[in-house]
Amino acid sequence: MLALRAFFALAAAAVAVANPLNTRQSTNTNAAINEIVSGLDETMHVVMPNLLFLQANETIDNANVAVQVNTLITAFNNVTSALAATPVSSGSTTVLPTNDDISILFADCTSLLASAFSSTMTDSVKSFTSNLSTLDAAVANSLNQFNITLPGSVKLVHTMMLDAQQFLVKDDVFPQTVAALGF
């Protein structure tokens, strides 16, 4: 009987040593992730109204859209870099900010993008596809990195974008973003 206990103790110790805890399993970095996504959300709440203002005043053209698009490209690229530098989160459904809180914030960003560009895609602006394709890649990369740093987080973004995804699909300007969202 003593030999059996010793065997099981040794086996348990071997399993524990063979399977060390990964960072994902022990560190909740949601606060850092939330700060990064909040910064993006602030940028989106400045740039998207600017685009809509240009449209409402009938002053929208490639030159003034370029400024806004370049601001978004920089913002999404910065998010991707910051998330890549953040340890993978164990996440939380109870400690604030929760996984859902952060995903909702990111969904707000993608929803603003979809609705603003849907309403501004006039024929003159559609010719500005090179920067829009760069923006598409930046958004898709940030979504992919978001899903790596906060595993499973894009599922809720996908669900919240079910209605707004039509705007991303309609003009076929954001195919990488559509793919990153799982559509």
Side-chain angles (χ1 to χ4, degrees), residues 20-48 50-51 65-118 128-169 171-183:
L21 291 176
N22 291 330
T23 304
R24 158 123 169 80
Q25 297 169 317
S26 63
T27 307
N28 180 350
T29 58
N30 279 10
I33 296 167
N34 190 61
E35 187 175 321
I36 294 164
V37 176
S38 290
L40 176 64
D41 193 51
E42 288 175 23
T43 301
M44 298 298 289
H45 278 88
V46 171
V47 173
M48 293 301 127
N50 287 347
L51 284 171
V65 169
V67 173
Q68 305 304 319
V69 169
N70 288 333
T71 300
L72 291 175
I73 290 168
T74 300
F76 278 102
N77 285 338
N78 289 344
V79 165
T80 302
S81 298
L83 288 173
T86 303
V88 175
S89 184
S90 61
S92 179
T93 57
T94 57
V95 177
L96 295 177
T98 66
N99 298 0
D100 288 353
D101 294 336
I102 303 167
S103 292
I104 290 167
L105 197 56
F106 210 109
D108 181 48
C109 295
T110 54
S111 179
L112 285 169
L113 179 81
S115 62
F117 275 102
S118 170
F128 191 66
T129 55
S130 64
N131 261 13
L132 290 180
S133 64
T134 304
L135 175 60
D136 179 34
V139 174
N141 290 339
S142 67
L143 281 163
N144 290 330
Q145 187 60 53
F146 179 56
N147 206 43
I148 291 168
T149 308
L150 187 59
S153 56
V154 172
K155 289 178 189 174
L156 182 58
V157 178
H158 168 92
T159 301
M160 295 186 71
M161 286 293 295
L162 286 174
D163 285 340
Q165 62 95 13
Q166 65 183 316
F167 302 126
L168 294 174
V169 173
D171 293 307
D172 196 34
V173 177
F174 294 96
Q176 294 176 60
T177 300
V178 169
L181 287 167
F183 294 116

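Start at 1 with the first residue, then count along the sequence.
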Is there side-chain contact between [X] and [Y], with heavy atoms separated by less than 4.5 Å?
| X | Y | result |
| --- | --- | --- |
| Val139 | Gln176 | no |
| Val173 | Phe117 | no |
| Met160 | Ile104 | yes |
| Val79 | Asn141 | no |
| Met44 | Leu40 | yes |

Residue Glu35 excluded, over 12 heavy atoms near CD under 6.0 Å: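 No, the 6.0 Å shell around CD holds no more than 12 heavy atoms from other groups.
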Ring centroid separation Phe174 to Phe167 under 6.0 Å: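 They do not qualify: ring centres at least 6.0 Å apart.
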Nearest atoms (heavy-atom pairs only) where [X] meets [Y]:
| X | Y | result |
| --- | --- | --- |
| Thr29 | Val88 | OG1-C, 3.9 Å |
| Leu83 | Ser142 | CD1-O, 4.1 Å |
| Ala114 | Ala164 | CB-O, 3.7 Å |

I need the [X] [atom1] to [Y] [atom2] distance, nearest 0.5 Å.
| X | Y | atom1 | atom2 | value |
| --- | --- | --- | --- | --- |
| Leu72 | Leu135 | CG | CG | 5.5 Å |
| Asn34 | Asp41 | CG | CG | 9.5 Å |
| Ile33 | Leu150 | CD1 | CG | 4.5 Å |
| Cys109 | His45 | SG | NE2 | 7.5 Å |
| Thr110 | Leu181 | OG1 | CG | 6.0 Å |
| Gln68 | Thr43 | CD | OG1 | 11.0 Å |

Side chain to side chain contact (heavy atoms under 4.5 Å, CB included), paired with Ser103, selected from Thr159, Leu156, Val154: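 Filter result, single survivor: Leu156.
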Which residues pass the side-chain hydrogen bond (donor to acceptor under 3.5 Å, both in side chains) test with [X], not counting sequence neighbours?
| X | result |
| --- | --- |
| Asn30 | Ser89, Asn99 |
| Gln165 | none |
| Asp100 | none |

Treating [X] as the side-chain partner and [Y] as the backbone partner, does any N or O pair qualify as donor plus acceptor under 3.5 Å?
| X | Y | result |
| --- | --- | --- |
| Asn147 | Leu143 | no |
| Ser111 | Ala107 | no |
| Asn144 | Ala140 | yes |

Derivation and outcome, side-chain contact (heavy atoms from CB on, under 4.5 Å), residues Thr134 and Asn70: CA-CA 9 Å; Thr134 304; Asn70 288 333; over 6 Å; no
[X]-[Y] side chain donor-acceptor pair, cut-off 3.5 Å:
| X | Y | result |
| --- | --- | --- |
| Gln145 | Thr149 | yes |
| Thr98 | Asp101 | yes |
| Ser90 | Asn28 | no |

Contacts of Phe76 that satisfy ring pair (Phe, Tyr, Trp, His ring centres under 6.0 Å) - sequence neighbours left out: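 With sequence neighbours excluded, Phe76 shows a ring pair (Phe, Tyr, Trp, His ring centres under 6.0 Å) to no residue whatsoever.
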Pairs where residues 133-158 contributes a residue and the test ring pair (Phe, Tyr, Trp, His ring centres under 6.0 Å) is met, not counting sequence neighbours: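 Sorted pair list: Phe106-Phe146, His158-Phe183.
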Ring pair (Phe, Tyr, Trp, His ring centres under 6.0 Å) contacts in which one or both residues fall within residues 83-105, not counting sequence neighbours: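 Applying ring pair (Phe, Tyr, Trp, His ring centres under 6.0 Å) to every pair that reaches into residues 83-105, excluding sequence neighbours, yields nothing.
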Evaluation steps, side chain to side chain donor-acceptor pair (under 3.5 Å), between Thr177 and Asp136: CA-CA 6 Å; Thr177 300; Asp136 179 34; 2.6 Å; yes
